[in-house]
Amino acid sequence: MRIDILTLFPEMFTPLQHSIVGRAVKNELLQLNIKNIRDYTGPKHGLTDDKLYGGGAGMVMKPEPLFEAVADLRRSPKARVIITSPAGRLFDQQAAQELSQAEQLIFICGHYEGIDQRVEDALATDVFSIGDFVLTGGELPAMVMADSVVRLLPGALGHDESSQEESFGEDMKGLLEYPQYTRPPVFDGREVPPVLLGGNHEEISRWRREQSLRRTWERRPELLREAALTQSDLQLLADCQAERRGRGQVWLALVHYPVYNKKHEVINTSITNLDIHDIARACATFGLAGYFLVQPAAGQQELIGSLLKHWQYGFGARYNPDRHEALSKISLCASLAEAQAAIEQQTGQKPQLVATSARPTPGMQGYAEMRRQIAEADEPYLLVFGTGWGLTDELLAEADWVLRPVYGVDDYNHLSVRSAVSIILDRLFGEARESKASRD
């Protein structure tokens with residue numbers, strides 16, 4: 001493989017002369033060429049950057065030197081020309097695998113306010129970002145990507161199986177890598193797990209798989225959606241969730257007042273039978289501790305009371321035990337404060353209030369972060385959903401956290417509250433919950 005890196009600061013790439021990349025060059029597995037973009041300015045163009053058309057702060061890298069540089073360095077018609085940009089596709093192990101199959105990679109390291117768009121339009125085969133943060137230039141991302149690609153080249157690591165067993169490697173199939181230990185067996189009072197000292201390779205393999213699953217569930221649960229999981233893996237994940245259950249319990253509240261209507265007026269909405277049944281079933285499916293219906297209107301309370309009596313104590317409880325189990329989680333209260341007080345009386349702690357809204361606002365909490373926070377918590381949580389056109393601004397201001405809206409393929413997010421509840425509960429508690437199916 002040949003890798004060419006176009007940069008304004010060639011001296012930054014000294015680290016690539018060492019370790020695995022340096023050894024790959026020495027063993028002739030890799031041709032590495034660091035080229036200064038200024039070599040392609042010459043008397044004709046002179047500069048590498050210029051002012052933005054349309055006005056604005058900062059400078060933009062000019063297209064002429066980059067077009068000349070790529071034309072000069074291209075050795076293969078199938079060369080991948082890569083721009084590093086925070087606006088690019090997120091670089092991951094799959095991308096590294098793709099690039100490792102190429103004959104030639106040409107990295108263009110951006111600087112200043114970016115690169116003239118015509119370079120991307122005409123030359124780039126790929127635009128990659130290494131994360132949602134801003135760096136001074138594209139040199140560090142280029143180094144990261146080059147290192148990740150080179151270690152996948154046959155012979156680069158000395159033992160090809162090493163790359164397969166790492167986090168995101170082929171054998172790990174998207175899971176984080178298991179903990180690693182070496183001598184001494186006891187250090188500072190901390191012991192190496194006995195299974196690693198016993199010499200039973202089957203038990204060691206099983207232990208490593210379990211540790212990878214646990215670590216992924218605790219640190220990067222979103223990766224489990226794409227991981228290839230066996231039935232025993234699912235059982236282990238269910239056990240992980242069961243171990244945490246009972247520490248930080250979670251309730252759900254469906255608020256009928258105060259909420260907005262389409263005109264942004266504060267109203268009290270009426271109950272619907274579907275909201276009662278479907279949300280109760282979702283709460284039971286995902287193991288929530290309870291479901292509060294927040295409705296202050298006396299007439300509505302009477303109607304809800306009659307329905308709950310039928311399913312919790314009457315004929316419905318005997319006719320459909322599964323529905324009885326779900327609706328037994330429901331409590332009726334006149335206000336959200338009353339629901340909070342009921343949880344505090346039961347647990348001895350005031351619940352953390354997690355509100356939901358379809359209106360995007362600054363400071364909203366992501367689902368992966370909230371999932372991790374709830375899983376590690378010792379205090380109770382109350383998830384709050386609004387009917388009508390959503391919870392009022394005053395109620396949202398009282399919340400400790402507000403979750404981001406649920407979006408699909410575009411900006412349309414007008415889901416029913418029942419659908420939103422199911423989606424959000426799955427994002428916060430899905431796949432790792434213990435279930436009858438996983439126990440059978």
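Owing to the predicted nature of the structure, the values given are computational and were not obtained by experimental measurement.
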> Looking only at heavy atoms, what is the nearest atom pair of Cys109 and Glu139, with distance?
Replying inline: CB-OE2, 3.6 Å
>> Looking at Arg206 and Glu210, is there a salt bridge between them, counting it only when a charged N and a carboxylate O are closer than 4.0 Å?
In response: no
> Is a side-chain N or O of Arg215 found less than 3.5 angstrom from the main chain of Glu177, in a donor-acceptor match?
Replying inline: yes
>> Could you report the tightest heavy-atom contact between Leu197 and Pro185, atom names first, then the distance?
In response: CD1-CB, 4.4 Å
> Are the side chain of Tyr367 and the backbone of Arg404 linked by a donor-acceptor contact shorter than 3.5 Å?
Replying inline: yes
> Do any N or O atoms from the side chain of Ser129 and from the backbone of Ala87 form a donor-acceptor pair under 3.5 angstrom?
Replying inline: no
> Can you tell if the side chain of Leu99 reaches within under 4.5 Å of the side chain of Ile82, non-hydrogen atoms only?
Replying inline: yes
> Is there a donor-acceptor pair closer than 3.5 Å between any side-chain N or O of Ser19 and the backbone N or O of Val21?
Replying inline: no
> ring-ring contact (aromatic ring centres under 6.0 Å, His included): which pairs involve residues 120-150, sequence neighbours left out?
Replying inline: Phe91-Phe128
> Any Lys/Arg nitrogen of Asp278 or Arg281 sitting under 4.0 Å from an Asp/Glu carboxylate oxygen of the other?
Replying inline: yes
>> Whether the side chain of Asn261 engages the backbone of Lys263 through a donor-acceptor N/O pair (distance < 3.5 Å, no angle test) should be reported.
In response: yes
>> Using modelled atom types and a 3.5 Å cut-off, is there a donor and acceptor pairing between side-chain atoms of Ser100 and backbone atoms of Gln97?
In response: yes
> Is the closest side-chain heavy-atom distance between Ile343 and Phe292 below 4.5 Å?
Replying inline: yes
>> For a side chain to side chain contact (heavy atoms under 4.5 Å, CB included) check, start with the C-alpha distance between Ile304 and Leu308, then their side-chain angles and the critical distance, and finish with the verdict.
In response: CA-CA 6 Å; Ile304 297 171; Leu308 294 181; 3.8 Å; yes
>> With side chain to side chain contact (heavy atoms under 4.5 Å, CB included) as the criterion, how do Met1 and Val149 come out once you've worked through the C-alpha distance, each side chain's angles and the decisive distance to 0.1 Å?
In response: CA-CA 10 Å; Met1 170 180 277; Val149 169; 4.0 Å; yes
>> One thing to verify: whether Asp393 and Arg359 come together as a salt bridge, which I'm taking to mean a side-chain N less than 4.0 angstrom from a carboxylate O.
In response: yes
>> Taking the basic N atoms (NZ, or NE/NH1/NH2) and the acidic carboxylate oxygens, is any pair closer than 4.0 Å for Glu64 and Lys62?
In response: yes
> Should Leu213 and Leu229 be marked as a side chain to side chain contact (heavy atoms under 4.5 Å, CB included) after you check the CA-CA gap, both sets of side-chain angles, and the distance that decides it?
Replying inline: CA-CA 9 Å; Leu213 287 164; Leu229 301 177; 3.8 Å; yes
>> Looking at Gly430, is its backbone amide N or carbonyl O close enough to the side chain of Arg371 to form a donor-acceptor pair, meaning the two atoms are under 3.5 Å apart?
In response: yes
> Gln301 side chain to Gln295 main-chain N or O, any donor-acceptor pair under 3.5 Å?
Replying inline: yes
>> So which atom in Arg118 and which in Pro63 form the shortest heavy-atom distance, rounded to 0.1 Å?
In response: NH2-CG, 4.1 Å
> Where do Leu175 and Ala227 come nearest, in terms of heavy atoms and distance?
Replying inline: CD2-CB, 3.9 Å
>> Minimum heavy-atom separation for Tyr260 and Val266, please, with both atom names.
In response: CE2-CG2, 4.0 Å
>> Do Asp426 and Ser422 make a side-chain contact, defined as non-hydrogen atoms from C-beta onward lying under 4.5 Å apart?
In response: no
>> Please verify the inter-ring angle class for His414 with Tyr412; under 30° counts as parallel, over 60° as perpendicular, anything in between as tilted.
In response: perpendicular
> Do Lys350 and Leu353 come within less than 4.5 Å of each other through their side chains, counting heavy atoms only?
Replying inline: no
> Just by modelled atom types, is the Arg208 backbone N or O under 3.5 Å from a matching donor or acceptor in the Ser212 side chain?
Replying inline: yes
> Quick one: does Lys329's side chain have a donor or acceptor within less than 3.5 Å of a partner on Ala284's backbone?
Replying inline: no
> Run the side chain to side chain contact (heavy atoms under 4.5 Å, CB included) check on Ile3 and Val150 step by step: do they pass?
Replying inline: CA-CA 9 Å; Ile3 294 180; Val150 170; 3.8 Å; yes
>> In the structure I gave you, are the side-chain heavy atoms of Leu428 and Tyr381 within less than 4.5 Å of one another anywhere?
In response: no
>> On a heavy-atom basis, which atom in Ile330 and which in Ala280 lie closest, and how many Å separate them?
In response: CD1-CB, 3.9 Å
